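Computed from a predicted model, the values in this text were never measured in an experiment. To find a chain, count down the sequence lines: A is the first, B the second, and so on, and within it residues start at 1.
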Protein chains: 2
Amino acid sequence: MITTQNKPTKEKIIEAAYYLVRSKGITKMTMEAVADKAGISKGAVFYHFSTKELLIEAMVKQLFNNFDSQLNQEYENEGKLGGRTQSYLKTTFLMHDQEENELSVALLAALVNNPDLLKPAKEYYEIWQNQLENDQINPVIATIVRLTTDGLWFSELFGLAPIDKTLRDQLYETLSELINSAKK
Amino acid sequence: MITTQNKPTKEKIIEAAYYLVRSKGITKMTMEAVADKAGISKGAVFYHFSTKELLIEAMVKQLFNNFDSQLNQEYENEGKLGGRTQSYLKTTFLMHDQEENELSVALLAALVNNPDLLKPAKEYYEIWQNQLENDQINPVIATIVRLTTDGLWFSELFGLAPIDKTLRDQLYETLSELINSAKK
DNA sequence: ATTATTGTACCGCCTGGTCAGTATAGTTGT
DNA sequence: ACAACTATACTGACCAGGCGGTACAATAAT
């Protein structure tokens, strides 16, 4: 009851925060700027997130929850040997096609403000890595798949020789084949 | 007077800056803290780097120059088909074994303060990616190698399920084999 | 009326950057 | 030889602006 009432404003705040980090850079994500972008006052922002760290924590958690559930959803349609690896590959590539990479944006915001905020992210990653290493295929191949997609993020996050669409499509296919050929 | 290792002040400043970012986080890399760590006054720091951006620029440039020359040095002993890819793989893995990953640390410091400071990094990356795509082997494989090692950085930078030594060694071998099997 | 939410005004701290001046070593003029 | 001057390296005190956070009044919701 209370939670449903809180939702809209809280989400507006989080969205505003994303927008700022993505378009203006992390340093411009001030609580006042967030308030302006969300169309409310600074006091209201602090009412919902009594500290900046709590806001960032919410950003990180939200995104990782989304990603994880999308991962699991994909997995159910997949199953079988190398299924989790296939899901990971598919989900990350899907994510990339849609808009900006909000995950790394949130990670960055967290890292800059307080590395402890990365904790939920770390926990998820441990789970994923574990799943990949026990996916009934060669764990080294599974790890290559994970790291390649992470590297894709990295390159886009920093804008360091980002991979264009055609090469990315080829990447997807080659990695997918790699998974299939690694089935025992 | 025996040659007392009296490093130039500029280097001491840069080293102090690295230390701070690496151990305390980016936010703690203030010009005052750098001065303290370097054992000089704040004014002295600004004497050598009239702005914080210039200091960070120096950090980024130095590291990328080092990396690039190490890359080329490795390449000379290598040559052949897929030589550049092999060099890239080797150099990054060597880098990882020694100390912390200062490259990404510098990148982060740059990104946080002013994305323009990434320019030299971008230029190098464009060159590298270009070399990899024209290495007389399947460019997709070459790119996978690059992105996997970048992903390795990423995971260490954020501490997200970093890869342990044994798996990393296996990664190296598998990637190396992948390069060889991609020779035409 | 009571509670939940939001606006306004403000505070204290930190940070990048400035500035006037100092110390020292080398150079020049006489 | 000696004073005057210059260049380089550095100090320490200071400032203006921005930021997270607070206090409290005002309004909206139940």
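- The CE atom of B:Met29 sits 16 Å away from the C1' atom of C:dC14 (whole-angstrom rounding).
- Taking the nucleotide of DNA chain D with the nearest heavy atom to each of A:Ser50 and A:Thr30, the more 5' of the two is matched to A:Thr30.
- One interatomic measurement links the two molecules: NZ of A:Lys28 to C1' of D:dG20, which rounds to 16 Å at whole-angstrom precision.
- The separation between A:Leu55 atom CG and D:dC19 atom P is 15 Å, rounded to whole Å.
- Regarding B:Ile56, its CD1 atom lies at a distance of 13 Å from the C1' atom of C:dT15, rounded to whole Å.
- With contacts defined as side-chain heavy-atom distances shorter than 4.5 Å, the pair A:Leu178/B:Leu178 qualifies.
- Looking at A:Lys42, its side chain has no donor and acceptor atom pair within 3.5 Å of the base of C:dG7.
- Between A:Ile26 atom CD1 and D:dC19 atom P there is a gap of 14 Å when expressed in whole angstrom units.
- Annotation for A:Lys52: atom NZ counts as buried by contact number, over 12 foreign heavy atoms lying within 6.0 Å.
- Rounded to an integer number of Å, the gap from B:Asp36 CG to D:dC10 P is 15 Å.
- For A:Thr9, counting side-chain heavy atoms from C-beta on, the closest listed nucleotide (D:dG20, C:dT6, D:dT11) is C:dT6.
- Which of C:dT6, D:dT22, D:dT11 sits closest to the side chain of A:Phe46 comes down to D:dT22.
- Residues B:Tyr18 and B:Leu63 meet the side-chain proximity criterion, which asks for heavy atoms closer than 4.5 Å.
- Minimum atom distance to the side chain of B:Ala44 is reached by D:dC10, of the listed C:dG16, D:dC10, C:dG7.
- In this structure, NZ of A:Lys10 is placed 14 Å from P of C:dA4, rounded to the nearest angstrom.
- One interatomic measurement links the two molecules: OH of A:Tyr47 to P of C:dT5, which rounds to 3 Å at whole-angstrom precision.
- Remark: B:Thr51 is in phosphate contact with C:dG17, judged by side-chain N or O atoms under 4.0 Å from OP1 or OP2.
- Distance CG/B:Asp135 to CD/B:Gln131: 8.5 Å, rounded to 0.5 Å.
- Among the nucleotides D:dC10, C:dT18, C:dT6, the one closest to the side chain of A:His48 is C:dT6.
- In this structure, A:Phe64 and A:Trp128 have parallel ring planes: the angle between them is below the 30° cut-off, well short of the 60° mark.
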